[in-house]
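A quick write-up on the structure given underneath.
Each chain gets a letter, A, B and so on, in the order its sequence line appears, and its residues count up from 1. Computation of the quantities below employed the complete heavy-atom set of this structure, encompassing side-chain atoms and omitting hydrogens, waters and symmetry-equivalent molecules.
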Protein chains: 2
Amino acid sequence: MPSTRDDLVAAAADLLEEGGPGAVTLREVGARAGVSRSAPYRHFAGKEDLLAAVAARGLRDRHAARMRRRAASPAEAVRADLLYFVRGALAHPALFRLTFGPWTVESPELADAAATSRAALVDLVIAAQADGALPAGDPDRVTALLTAVAHGACQLALSGHLSRAGKGHAAPADLVDDLLGHLGGQPADR
Amino acid sequence: MPSTRDDLVAAAADLLEEGGPGAVTLREVGARAGVSRSAPYRHFAGKEDLLAAVAARGLRDRHAARMRRRAASPAEAVRADLLYFVRGALAHPALFRLTFGPWTVESPELADAAATSRAALVDLVIAAQADGALPAGDPDRVTALLTAVAHGACQLALSGHLSRAGKGHAAPADLVDDLLGHLGGQPADR
DNA sequence: ACCTGAACACCGTTCAAGT
DNA sequence: ACCTGAACACCGTTCAAGT
């Protein structure tokens, strides 16, 4: 049985998905959750705090998918994780922008979800380094490089700064594979 | 003598810089430009169109700095350009987020500025490839990889997803150099 | 403990009217 | 050709009052 708080987060996530950030108003969130427009203030400090809960839910979902996954090798696990992130960002641009947007509120829930997600990817990178599939060096830093490519490629693609009229249209997933190829020596298969 | 249109763009850019996106209201923009709050509608289709002009101005400024620069080698020119971008994004986060944010309006001015900036970087990459300082392959794609890392590193740093409590704190500029090192074989000097 | 409903301050946008 | 000023619809947030 979902609590009113859960209902509010779900309603906000649905509105964000359906109509973008402009569609997320506390009036509509309240209406979808079956409460008034001031009810959210009994559960969240304000609108941004509610949005932080939406972002945290997204990060937790991604982490759950990662834990569910079975890969043939650590290198493939890293690649699958990055490509899953890219697919999610392109499919849900508003959630992607929200999650890594400009927060002016401190949300332990969001910070925890982000830290858990990042730590899990670092573990995969460490295993891939042990296999020689990724270069040696500070695992945090190698992870940051991989994450930066995935994030930047999605940001450029979503804002239209990646595609070009003529040839050479590279999708975000291609750029992730390019980097992995340059880092690992062996280009990723298929 | 700046036109009213230029005054409006300058006022919006100043407000964005000083107080973030929430501080850019047409009322305040108009007041700073010495006109009423409805005057901007004689020069722009709406608020977003005005913001597109602000973003385009930023891209043109970056391009002007690039043209002014003298580098020891094509590889150094590419590196300097990426590091200049990173420095600008971290120093002016609101402008960075605006420029590569979710546009729902078609602005030829912004599209032109972005295309010009991208093409210039591709030229630098081509020259660096000819020197063997960057791997061969579609220059558009190599440029996209470099740009993605710079953008992603800035996005992660600004949203606090890059730093970590303990060790291994990598700044965006470090990740750019890491990538160039992996791509070029020779790590960038100093 | 949780919610309502009215109220407040603020915003983007429109438009008839001015010069 | 460019601008004004009032108006409209909408929003986040607060708060006294209810159960």
Side-chain angles (χ1 to χ4, degrees), chain A residues 1-56 94-95 97-99 101-107 109-110, chain B residues 1-56 94-95 97-99 101-107 109-110:
Chain A
M1 51 173 61
S3 65
T4 299
R5 197 193 129 104
D6 295 335
D7 288 341
L8 291 168
V9 174
D14 290 347
L15 286 166
L16 185 69
E17 175 73 21
E18 294 168 19
V24 186
T25 67
L26 289 184
R27 282 158 168 82
E28 189 61 25
V29 167
R32 291 223 183 179
V35 294
S36 76
R37 61 170 151 280
S38 57
Y41 290 90
R42 297 329 125 187
H43 302 271
F44 302 95
K47 183 181 184 179
E48 203 183 353
D49 196 46
L50 166 63
L51 292 176
V54 172
L95 182 59
R97 286 191 211 270
L98 172 72
T99 304
W103 296 104
T104 67
V105 68
E106 288 289 325
S107 166
E109 185 185 1
L110 178 54
Chain B
M1 52 173 63
S3 65
T4 300
R5 198 193 128 103
D6 294 335
D7 288 341
L8 290 168
V9 173
D14 289 347
L15 286 166
L16 185 69
E17 175 72 22
E18 295 168 18
V24 186
T25 69
L26 290 184
R27 282 158 168 81
E28 189 61 25
V29 168
R32 291 222 183 179
V35 293
S36 76
R37 61 170 151 278
S38 56
Y41 289 91
R42 297 329 126 188
H43 302 272
F44 301 95
K47 182 180 183 179
E48 202 182 353
D49 197 46
L50 166 63
L51 292 176
V54 172
L95 180 60
R97 286 191 212 270
L98 171 74
T99 303
W103 297 103
T104 68
V105 70
E106 287 289 324
S107 166
E109 185 186 1
L110 178 55

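Using a 4.5 Å heavy-atom threshold, the side chains of B:Trp103 and B:Leu98 count as touching. Considering only heavy atoms from C-beta on, A:Leu8 comes within 4.5 Å of A:Val35 through its side chain. Between A:Val54 and A:Val24 there is no side-chain heavy-atom pair separated by less than 4.5 Å.
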Contact state string [nucleotides 12-19 of chain D, B base, S sugar-phosphate only, - no protein heavy atom under 4.0 Å]: BBBB----
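Around CD of A:Glu18, the count of heavy atoms belonging to other residues, nucleotides or ligands within 6.0 Å exceeds 12.
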Annotated structure of DNA chain D as dot-bracket, pair cut-off 3.5 Å, Watson-Crick or G-U only, | for inter-strand, is ||.|||||...|||||.||
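Here the straight-line distance linking atom CG of B:Asp7 with atom CZ of B:Arg5 works out to 11.5 Å at 0.5 Å rounding. In this structure, CG on B:Leu50 lies 10.5 Å from NE2 on B:His43, to the nearest 0.5 angstrom.
Side-chain contact check for A:Ser3 and A:Asp6: at least one donor-acceptor pair (N or O, by modelled atom type) lies under 3.5 Å.
Rounded to whole angstrom, the span from the CG atom of A:Leu8 across to the C1' atom of C:dC2 amounts to 12 Å. In this entry the distance linking CD of B:Glu28 with P of C:dC10 reads 12 Å, nearest Å.
Phosphate contact (OP1/OP2 of C:dC3, side-chain N/O of A:His43, threshold under 4.0 Å): present.
Between the side chain of A:Glu109 and the main chain of A:Ala52, no donor-acceptor pair closer than 3.5 Å is present.
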